[in-house]
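Order of the sequence lines fixes the chain letters, A, B, ..., with proteins taken first and strands second; residue numbering starts at 1 for each chain.
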Amino acid sequence: MRSAILIFPGSNCDRDMMVAVERITGRRPALVWHKDSQLDPVDIVIIPGGFSFGDYLRCGALAARAPAMEAVIDHASRGGAVLGVCNGFQILLETGLLPGTLVRNGGLKFVCREVRLAVQETLETPFLDDLSSGTELRIPVAHNEGNYFADDALLDSLEEGGQIALRYIENDPTRTANPNGSARNIAGILSANGRVMGMMPHPERAMGNGHPSEDGRKFLTSVLEGVAR
Amino acid sequence: MSKANEMSFNDAEQMGLSFEEWQLILKRLERTPNLCELGIFSAMWSEHCSYKSSKKWLKTLPTEGEQVIQGPGENAGVVDIGDGLAAVFKIESHNHPSFIEPYQGAATGVGGILRDVFTMGARPIALLNALRFGDIEHEKTKHLLSGVVAGIGGYGNCIGIPTVGGEVNFHSSYNGNILVNAMAVGLAHSDRIFYSAATGSGNPVIYVGAKTGRDGIHGATMASAEFSDETESKRPTVQVGDPFTGKLLMEACLELMAADAVLSIQDMGAAGLTSSSVEMASKGGLGMEIDLDLVPVREEAMSAYEIMLSESQERMLMVIKPEQAETARAIFEKWDLDFMPIGKVTDTERLVLLKDNEIACDIPLAPLVDDAPEYDRPYRPEELQPVLSTEQLEKDLPLAEVLQRLLASADLCSRRWIYEQYDSDVMADTITGPGGDAALVRIHNTDKGLAVSTDCTPRYVDADPFEGGKQAVCEAYRNISASGAKPLAVTNNLNFGNPEKQDIMAQIVGAVNGMGNACRTLNTPVVSGNVSLYNETDSMAIQPCPVIGMIGVIDDWTKAKGCGLANAGKALFVVGQSDDVKDGWLGCSVYAREIAGREGGAPPSVDPALEGRNGTLIRQAIESELIEAAHDISDGGLVVALAEMVMAGQCGAKITCPEGGSLHGWAFGEDQARYIAVVSDVPAFTALCAASEVEAIQIGETISECELTLAGLPPISKEDMVAWHSKTIDNLMG
C-alpha cells in the first residue's frame, strides 16, 4: 500500500491524516510539497484538510493550480485513486476532477461537530468495498464552506449515476441532520469512474483511541484496502 | 538630529506620559527627544508594556518550583512535564481592540498569544479563552459576541490549533468594556527552549514574517487609557490579523529552530519593533543598531516613528548564527516569507536607528527598561460586604422551576453556539474538548495528557477581592483535578479598571494577594501573565476579572475522567461536604442574582489547604480507578452540577435530600472545595477518604432512567434539562 499526502501552505490536517494512514497500513505515506511536480507511483493520493493558501480568492482555488496538482490530475487521468477531505474536497472541485461546488455554510458560521453519515448505494468504487450501502458512520466535520451546491440537472445525474457516496442523516434530535445546508444532504461524492472521492467529514479525527468514534478508521480502512486490491 | 523635530510636554501628554515621566526622559537623555524617541519611551513606559501600576504587587506572586523551567519575564512560561518535555503557555488580553473591532481584535489576540508560545520553540497544541460580555440583552452584546467568536475561530481554525476550552460570563459592567483573553499552550523539548536575550555583538538582526504597515500604531498606549465616547474613532489603531501568514511564520520558525540557526528570538507584539528590539538588546546587556530603510514595509513613506510603533501582525525579530544565514534564508524562502537582515547586535547598550541615512534615534536602553516607572499607587479597600443568610435570599419556588431558570441563565446556559465555531479537534489529540470541566489534550505519540482550564468568578472578586483571587485559582485547581490530572502551574490575566482610583487599586492588591496565597498553598506557581487595566468607559469600571489559566499533567490519559454519568447503579458522593449539611452559602451566588434578584453579599470563603486535600483525594481515587466520573461544584451549586452530569451522560441520578434545613440553600449554595464523584468501589473510596481526612457523603446513586430525581419531588427529565439549557444563546443570536 503506497500512499501520498499533499501539503500546501496552510494545510493543517496533513499530519493527522499521515498518522491515521500509518496506523492502518503500517506504512508512512509520502509527503508531497505543493511545489513538487513529480509524483512517485502510489495507490492513492490524499489531499488533506486545512486552509490552503489561506482560503484566499476561493477555497481551494489557488491550490488547484499548484504544480503538485498537475501531477495529481495526471495520476487521476490514468485511473489513479484520489481522496480529498474538507479543503481537499474543495481543491478537487476547483480542479474539475469532481463536479459541483462548495459554498459558505447555510448558517454563515464555521461548524465543528460530530455528524452521522449514511453510506449510499454507489457505482463501482474501491473506496466503499467494505461498507455496504446504509452503513452508518459518526465522524466530525469542521468547516466554513461545506455546503455542496449544484443545479438540479447535475444533482439528478449524480443520484442516477450512483456518484453520491455519503449523506448526512439525523444525529441529534434537537437539530437538523445537515450541518451546512448542502444540497440533498450530500457529504461526499464520487467521480464518474468511481476513482476520485471528495468528502467534508474528517475520518482521521474518528480513529478511536481517545476519539469519541472509530468510524473514521472503519471508513479509511475500507478506502485504503480497496485501492490496494 | 534637527531641532525642528524636538518634542514638548504637550506631545508627551498626548502619548499618555505624565509630567514626571516627561521630566525623567529629559534627565536620562540629557536633551529633548524627537518624535520617534518619545514614541519609544511612551510605548515602553505604557501600562501595557511596563506594568507600572501592578509590578509592585506582581512581584509578590510565587514564581518558583521544581517544575518551573522559566517563570515570568519571557514570552511565555515554561514548565517541566517529565520525559524531557515542557509545556509552554501564557494568557494575554486583547480587550480594548476587541471592543472597537471585535473580529480583528479577537483574531489578533489569538495570533499574538500563539506567537508568544512558538517564539519559545514550542509547537502550540491548544488554545483556550476567557471572555466577558455585557448584559445578554444589551444592544451591543449580540454584535460583539458574534464578532469575537468568529474572530477567535477565524484565527485558530485557519492556523490549525484546536480551541479546546474557555469560559464566558455576561454582566452589565462589561457593556462598555468586554474582555477577550486568549491562552495558548505549546509543547517543547525541555532542553530546546528559545529565549529573547540577544547574544554576540556583531551578530545579524533579522526581520522575518509579514511586512510593516500603518496598522495598530500606538496600540499599547491605547490599551493603557480609559474609553470614552470617542473610542470608536480609534478603529484605525486596531491591528489586522492574517492567520495564513501566521501559519507560515510558525512553520518557518519551528523549522529554523530545529536547524539550530537561532540564537535569540522575540515576536513583535504590543509596541512592535520597539519592544522587540529593546527587550532583546537589554536582556542581553547589549545594544542594537537597525537601519529602518531595510525594514520590509507595505506602505510608502513610512516615518521612523510609524515603523517603530506599528503593531502589524505576524512579524518576528531574531538574532541568528552568522554562519547559518543562508540556511535560514532558504527556509523562509520556502515558506514565501520576508527574511531581511536589518541591523546588528552592538555592545553600546544603546538603541540606534537609522532612517534616510540619518540617525533617527539614539537612546540608552537602560532607562527604557530599568527606569520604567513603578508606582506604589494608593489604595483603599471598600468595606467588606455583609454575609447574606439563606432566609434573606430563598424564594418560595418549586426546585424544578429554579433549576430551569438557572440552566437557562446567561452564565450557566450551554455554550455550544460559541464552541462549535471553533475547530476543537484539529491535530487529532483532543481527548476532552469544550463543554466539560478541564480540557484534556494528548501529548502526541505518548500516554501523557495535558489538562487545561481558564477560570474566574468576577462577582466574588467584586464582593471580596482577596477571597475572589483565591477562588479563581482554586476553581481551576478543581477543574484540573476532576479530570485526574495533577495541577502544575498557572498563567494569569489581571483585568481591572483604572488603577489611579483607590478602590480599583485595592481590588488589584486584594486579588493578587489572594492568588498568591492560593498558588503558594497549592504549589501552582505563576509562570507568565498579562495585566489589562483601565477597563472603564465613562468612569464605569468592570467587575474585576483576574483570570487564571492552569495546566496539569496526567501520565496516562486513558485514566482521565469526564463528568457524564455512564452507568446505572453507582454511588454518588459529594466530596468536601459533611453529612450534617442541610443548607448552603447562597450569598453572591448565581441563585442570589438570578432568582432572588440580589447581587453582592459576601462570597463563600475559600480555603486553599482544604482544596489541596480534596483535590488530591479526587486524583488518587481516579488514579486507583475507584471513581468513574467526577465534576467540580461551582456556579449554581450541587443541583446544577448534577444536572450537568446527567446532560453529559447516558443515565440519571436519584438523590436523597436532607431532612429540615433549606432545600434551596443545600441545592444551589456555592460552598467551595466540593466535587461530585461517581464511585465504583465504595468501601475502598470511603477508606481512602477516611485515611486522607477528607469529608465525603453519599447523596444518591445513578439510575438507568435519564432523569434527575430528588427524593419527594417529581423527576426532571434529561430532555427537559437539555431544552432549558441549550436555547438561550441560540435564541439570542437567531
Contacting region of B:Ile159 [heavy-atom separation from chain A under 4.5 Å] = backbone
Mind jotting down which residue pairs meet the ring-ring contact (aromatic ring centres under 6.0 Å, His included) criterion with at least one end in residues 1-51 of chain A? Sequence neighbours excluded, please.
-> A:Trp33-B:Trp335, A:His34-A:Phe53
Side chain proximity check, A:Ile47 to A:Val82, heavy atoms < 4.5 angstrom | yes
So do A:Leu137 and A:Leu166 actually touch side chain to side chain, heavy atoms under 4.5 Å?
-> yes
Identify the residues of residues 429-439 of chain B whose heavy atoms come closer than 4.5 Å to a heavy atom of chain A, ordered by number, or report 'none'.
-> B:Asp429, B:Thr430, B:Ile431
Largest heavy-atom contact set with chain B, pairs under 4.5 Å, which of A:Lys109, A:Arg113, A:His143 | A:Lys109
Contact winner vs chain A - B:Leu248, B:Asp242, B:Asn445, B:Asn157, heavy-atom pairs under 4.5 Å = B:Asn157
Is it true that the side chains of A:Asn147 and A:Asn180 contain a donor and an acceptor less than 3.5 Å apart?
-> no
Relative to chain A, which of B:Glu420, B:Lys247, B:Met427 shows the most heavy atom pairs under 4.5 Å?
-> B:Glu420
Quick one: of B:Glu251, B:His444, B:Arg442, who has the most non-hydrogen atom pairs under 4.5 Å with chain A?
-> B:His444
Does any heavy atom of chain B fall under 4.5 Å from the side chain of A:Asn209, the backbone, both, or neither of them?
-> both
Residues in side chain to side chain donor-acceptor pair (under 3.5 Å) with A:Lys218, at least two apart?
-> none
Are side-chain heavy atoms of B:Ile729 and B:Cys413 found at a separation under 4.5 Å?
-> yes
What part of A:Asn105 lies closer than 4.5 angstrom to a heavy atom of chain B: side chain, backbone, both or neither?
-> neither
Apply salt bridge (charged side-chain N to carboxylate O under 4.0 Å, His left out) to the pair B:Arg298 and B:Asp338, showing each step before the final yes or no.
-> CA-CA 12 Å; B:Arg298 68 175 129 82; B:Asp338 271 314; over 6 Å; no
Using 30° and 60° as the class limits, which term best fits the ring planes of B:Phe332 and B:Phe339: parallel, tilted or perpendicular?
-> tilted
Audit row: A:Glu204, A:Val19, side-chain contact (heavy atoms from CB on, under 4.5 Å) steps and yes/no = CA-CA 8 Å; A:Glu204 76 280 11; A:Val19 169; over 6 Å; no
If one checks every heavy atom of A:Val141 against chain B at 4.5 Å, the contacting part turns out to be neither
For residues 724-734 of chain B, which residue pairs qualify under salt bridge (Lys or Arg N to Asp or Glu O under 4.0 Å), counting only residues two or more places apart or in two chains?
-> none
Counting only heavy atoms closer than 4.5 Å, note whether A:Arg175 contacts chain B via side chain, backbone, both or neither.
-> side chain
